Amino acid sequence: EPLFRSPPMFPLVTSVRPVQITLQSDEVKNVPCGTSSGVLLYFDRIEVVNILDAESVHDIVRKYTVDYDKTLIFNKVHHELNQFCSAHTVQEVYIDLFDKIDENLKTALESDLHSMAPGLHIQAVRVTKPKIPDGIRINFEKMEVEKTRLLITQQTQKVVEKEAETQRKRTVIEAETVAEVSKIQYQQKITEKESQKQMSQIEDETFLAKEIAKADAEFYAEKRRAEANTLRLTAQFLELKRYEALASNMKIYFGPTIPQFFADSRGGGGDASIAASAAAKKTLNEKTVEE
């Protein structure tokens, strides 16, 4: 190893053919491929990475000769690639499904080798871009340019929409902030008004309580004064007050020959008492002269 040599079957004839049992890469070149729309494409190079088990060399070489890769790999690549192209359009083969061609080839090769040559394993398949007629290629290139322009327009539109959405959200957030601030300020004003109302109510209640207490005190004083007066206003007390009033408000003049009795009321005052007093004095003087 890495080469396998078959033991001589006949002692007089010896034939030696090297068989690689390490990882190798087979290249299938210039593979024609007809699409479902009738356009013929060419794949410049298809690379198939494979490895052969040492214990399977004799069986595979015996069945497919030393050039087993032509039968099991090269021919299968042509067959599977044409099967794929015939079922799809140029657009699908060249653009839409191109990224799946290598995986489809690998799956198809592994499926056939599993039954035909179990000791041969496919590691990877790499497919180059196919060649297409120049007219179609130019159209595809124009399509790609338009598609790119469309993608740019779409991306620009998305950016504009995103900026507009961001601005809308910013405006909404600012409006919500202003609304929240206004709500807080309004709530503060309500709280202040409620506090002022409560303070006014307390002041009114305090003033009312003072006035009620003052009125109750005055009422109690008047009541007690009335009760005291009621207790003092007896018949003897009233008689005493009458004489005291007469004594304080009346003037009595006495004389030996005064023909009349004169009384001067302080409450009535006036010219009558003055005249009476003058008359009494005149009479008294005249009496004195005669004597």
Side-chain angles (χ1 to χ4, degrees), residues 144-255 258-285:
E144 288 297 323
V145 171
E146 294 298 327
K147 185 184 295 184
T148 303
R149 186 180 293 111
L150 177 60
L151 290 175
I152 293 174
T153 303
Q154 291 176 346
Q155 291 298 323
T156 303
Q157 182 178 359
K158 289 181 180 180
V159 170
V160 173
E161 292 177 352
K162 192 65 176 178
E163 291 177 351
E165 179 68 17
T166 303
Q167 182 62 32
R168 186 189 68 81
K169 290 182 178 180
R170 184 184 296 110
T171 303
V172 171
I173 292 173
E174 291 176 355
E176 290 177 350
T177 303
V178 172
E180 289 293 331
V181 172
S182 299
K183 183 178 179 181
I184 293 172
Q185 292 176 348
Y186 177 74
Q187 189 64 35
Q188 288 177 345
K189 290 181 180 179
I190 292 178
T191 304
E192 291 176 359
K193 292 296 182 181
E194 289 179 350
S195 299
Q196 293 176 0
K197 180 181 178 181
Q198 292 177 357
M199 291 176 64
S200 178
Q201 289 178 350
I202 293 172
E203 291 175 355
D204 292 343
E205 291 174 357
T206 303
F207 176 77
L208 181 61
K210 289 181 179 179
E211 291 297 320
I212 291 174
K214 181 179 178 182
D216 290 342
E218 292 177 353
F219 173 76
Y220 180 76
E222 291 295 330
K223 180 179 178 182
R224 296 299 295 175
R225 193 177 294 112
E227 291 176 354
N229 291 334
T230 301
L231 295 175
R232 287 187 297 181
L233 293 178
T234 61
Q236 294 81 0
F237 181 77
L238 293 175
E239 186 67 17
L240 175 61
K241 288 297 181 180
R242 185 171 69 85
Y243 285 118
E244 288 178 353
L246 288 174
S248 62
N249 294 325
M250 297 292 293
K251 287 184 179 180
I252 301 176
Y253 299 88
F254 297 93
I258 295 176
Q260 295 179 355
F261 173 81
F262 296 92
D264 182 13
S265 176
R266 293 179 181 179
D271 297 335
S273 74
I274 296 172
S277 177
K281 289 181 178 180
K282 182 179 180 182
T283 303
L284 182 60
N285 291 332

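Note that the structure is predicted; figures quoted are calculated from it, not measured. Values below: all heavy atoms of this structure, side chains included; hydrogens, waters and symmetry mates excluded.
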- Worked verdict on Lys183 versus Glu180 for salt bridge (Lys or Arg N to Asp or Glu O under 4.0 Å): CA-CA 5 Å; Lys183 183 178 179 181; Glu180 289 293 331; 5.3 Å; no

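Atom-to-atom distance recorded for Ile173:CD1 and Thr177:OG1 is 7.0 Å, nearest 0.5 angstrom. Atom CD of Gln198 is separated from atom NZ of Lys193 by 14.0 Å, given to the nearest 0.5 angstrom. A distance of 11.5 Å separates CG of Asp204 from CE of Met199, quoted to the nearest 0.5 Å. With rounding to the nearest 0.5 Å, the separation of OG1 in Thr148 from CD in Gln155 is 11.5 Å. Note: Glu176 CD to Glu174 CD = 11.0 Å, rounded to the nearest 0.5 Å. Put simply, CG on Leu150 and CD on Glu146 are 8.5 Å apart, with the number rounded to the nearest 0.5 Å.
Ser200 places no side-chain N or O within 3.5 Å of a backbone atom of Gln196 that could act as its donor or acceptor partner.
For Glu227 and Arg224, the salt-bridge test passes: some basic side-chain N is under 4.0 Å from an acidic carboxylate O. The pair Glu165-Lys162 does not meet the salt-bridge criterion, since no charged nitrogen lies less than 4.0 angstrom from a carboxylate oxygen.
Of the candidates Ile152, Val159, Thr153, Thr156 forms a side-chain contact (heavy atoms from CB on, under 4.5 Å) with just one, namely Ile152. When each of Thr171, Val172, Thr166 is paired with Arg168, the side-chain contact (heavy atoms from CB on, under 4.5 Å) condition holds for Val172 and for no other.
Proximity of Gln185 to Val181: side-chain heavy atoms (C-beta onward) are separated by under 4.5 Å at one or more points.
A side-chain donor from one of Gln157 and Glu161 sits under 3.5 Å from a side-chain acceptor of the other.
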